[in-house]
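Quick notes on the structure that follows.
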Amino acid sequence: MSSGRIAGIDHVSLPMHDAEPMVTFYRSLGLDVAEHPAVVSVYAGRQMINFHRPAVWQREGFTLRAPAATPPCGDLCFVWEGSAQSLASRLGEVGATIEEGPVTRSGGRRADGTSVYVRDPDGNLVEFIIYAG
């Protein structure tokens, strides 16, 4: 019997179409973004999203992805620490259009929160959830 356990999610990886607007979008949201030859890494707290550049995920023989994964295939949720008004303001500043919300959703913290949904420049669904207190 193993004595180890899964401690959490370290990162997820998604293919992307166009790096420049993606980098601008995620930086404008206040996230730390690191550009590398193969990926663009977006850091949210202690977790990371790697967006594979097209030259990587379109390369013949690249198998380290879901076989059908092509942009947009992401459905991401970020925890917003701030008010609904500050979130709406930030989304307006980055030019994101709210597709749905605010609506009540159950989140990963096993609690309900208030969510707003937008799309990033590649078309991935991006949710922002605000937990009470």
Side-chain angles (χ1 to χ4, degrees):
M1 189 89 187
S2 168
S3 63
R5 69 179 184 90
I6 295 173
I9 295 173
D10 183 75
H11 72 278
V12 296
S13 297
L14 298 170
M16 78 171 153
H17 270 302
D18 197 352
E20 187 175 328
M22 291 284 280
V23 167
T24 299
F25 178 79
Y26 285 100
R27 277 195 178 132
S28 296
L29 290 172
L31 296 168
D32 184 23
V33 177
E35 295 189 66
H36 307 286
V39 299
V40 171
S41 299
V42 176
Y43 298 90
R46 296 178 64 180
Q47 289 77 41
M48 175 178 68
I49 303 164
N50 275 335
F51 288 103
H52 289 145
R53 294 180 185 273
V56 172
W57 67 267
Q58 293 174 347
R59 187 177 69 231
E60 184 72 29
F62 181 69
T63 60
L64 296 177
R65 67 180 180 92
T70 58
C73 61
D75 183 345
L76 308 170
C77 181
F78 295 100
V79 176
W80 181 260
E81 291 185 341
S83 67
Q85 293 82 6
S86 68
L87 174 58
S89 176
R90 177 62 61 96
L91 294 175
E93 290 168 9
V94 303
T97 301
I98 295 174
E99 288 196 6
E100 186 170 333
V103 292
T104 300
R105 294 287 189 254
S106 293
R109 294 183 178 179
R110 299 182 184 188
D112 286 347
T114 302
S115 291
V116 170
Y117 297 82
V118 301
R119 300 262 174 198
D120 72 13
D122 266 7
N124 296 297
L125 186 65
V126 181
E127 175 184 356
F128 298 88
I129 190 167
I130 302 171
Y131 290 105

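Bear in mind that the values here come from a model prediction, so they are computed numbers and not experimental data. We're numbering straight along the sequence, starting at 1.
For the pair Trp80 and Ile129, the minimum side-chain heavy-atom distance is 4.5 Å or more. Proximity of Met16 to Arg53: side-chain heavy atoms (C-beta onward) are separated by under 4.5 Å at one or more points. The closest side-chain heavy-atom distance from Arg65 to Ser13 is not below 4.5 Å. When side chains are defined from C-beta on, Gln47 does not count as touching His11, because their heavy atoms never get closer than 4.5 Å. Side-chain contact check for Val103 versus Thr114: every heavy-atom pair is 4.5 Å or farther apart. Looking at Asn50 and Val12, their side chains never come closer than 4.5 Å, going by heavy atoms from C-beta outward. The shortest distance between side-chain heavy atoms of Phe78 and Ile49 falls below 4.5 Å. Residues Ser89 and Glu93 meet the side-chain proximity criterion, which asks for heavy atoms closer than 4.5 Å.
A pairwise comparison of heavy atoms in Phe25 and Ala96 identifies CE1-CB, 4.2 Å as the closest pair.
Connection of Val118 to Met22 is established within a shared hydrophobic cluster, with ILVMFWY side chains joined at heavy-atom distances below 4.5 Å, either directly or through further cluster members. In the hydrophobic cluster analysis, where Ile, Leu, Val, Met, Phe, Trp and Tyr join through side-chain heavy atoms closer than 4.5 angstrom, Leu31 is grouped apart from Val79. Under the 4.5 Å side-chain contact rule for hydrophobic residues, Val40 and Val94 share a cluster. With hydrophobic clusters built from ILVMFWY side chains whose heavy atoms lie under 4.5 angstrom apart, Ile9 does not share a cluster with Val39. Leu91 is connected to Leu76 through a chain of hydrophobic side-chain contacts under 4.5 Å among Ile, Leu, Val, Met, Phe, Trp and Tyr, so both are in one cluster.
Enclosure of atom CD in Glu81 is not indicated, since only 12 or fewer non-hydrogen atoms of other residues, nucleotides or ligands lie within 6.0 angstrom.
Side-chain atoms of Arg119 do not come within 3.5 Å of backbone N or O of Val126 as any donor-acceptor pair. With hydrogens and angles ignored, the 3.5 Å screen pairs no side-chain donor or acceptor of Trp57 with any backbone N or O of Phe62. At least one donor-acceptor pair closer than 3.5 Å links the side chain of Ser28 to the backbone N or O of Thr24.
To the nearest 0.5 Å, atoms CD (Glu100) and CD1 (Ile98) are separated by 11.0 Å.
Phe128 and Tyr117 have their aromatic ring centers separated by at least 6.0 angstrom.
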| request: Determine, step by step, whether Val116 and Leu87 satisfy the side-chain contact (heavy atoms from CB on, under 4.5 Å) criterion, reporting the C-alpha distance in whole Å, the side-chain angles of both residues, the deciding distance to 0.1 Å, and the verdict. | output: CA-CA 9 Å; Val116 170; Leu87 174 58; 4.2 Å; yes
| message | Pair Ser41, His36 - check side-chain contact (heavy atoms from CB on, under 4.5 Å), show working. | response | CA-CA 8 Å; Ser41 299; His36 307 286; 3.6 Å; yes
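Donor-acceptor pairing under 3.5 Å is lacking for the side chains of Asp112 and Thr104.
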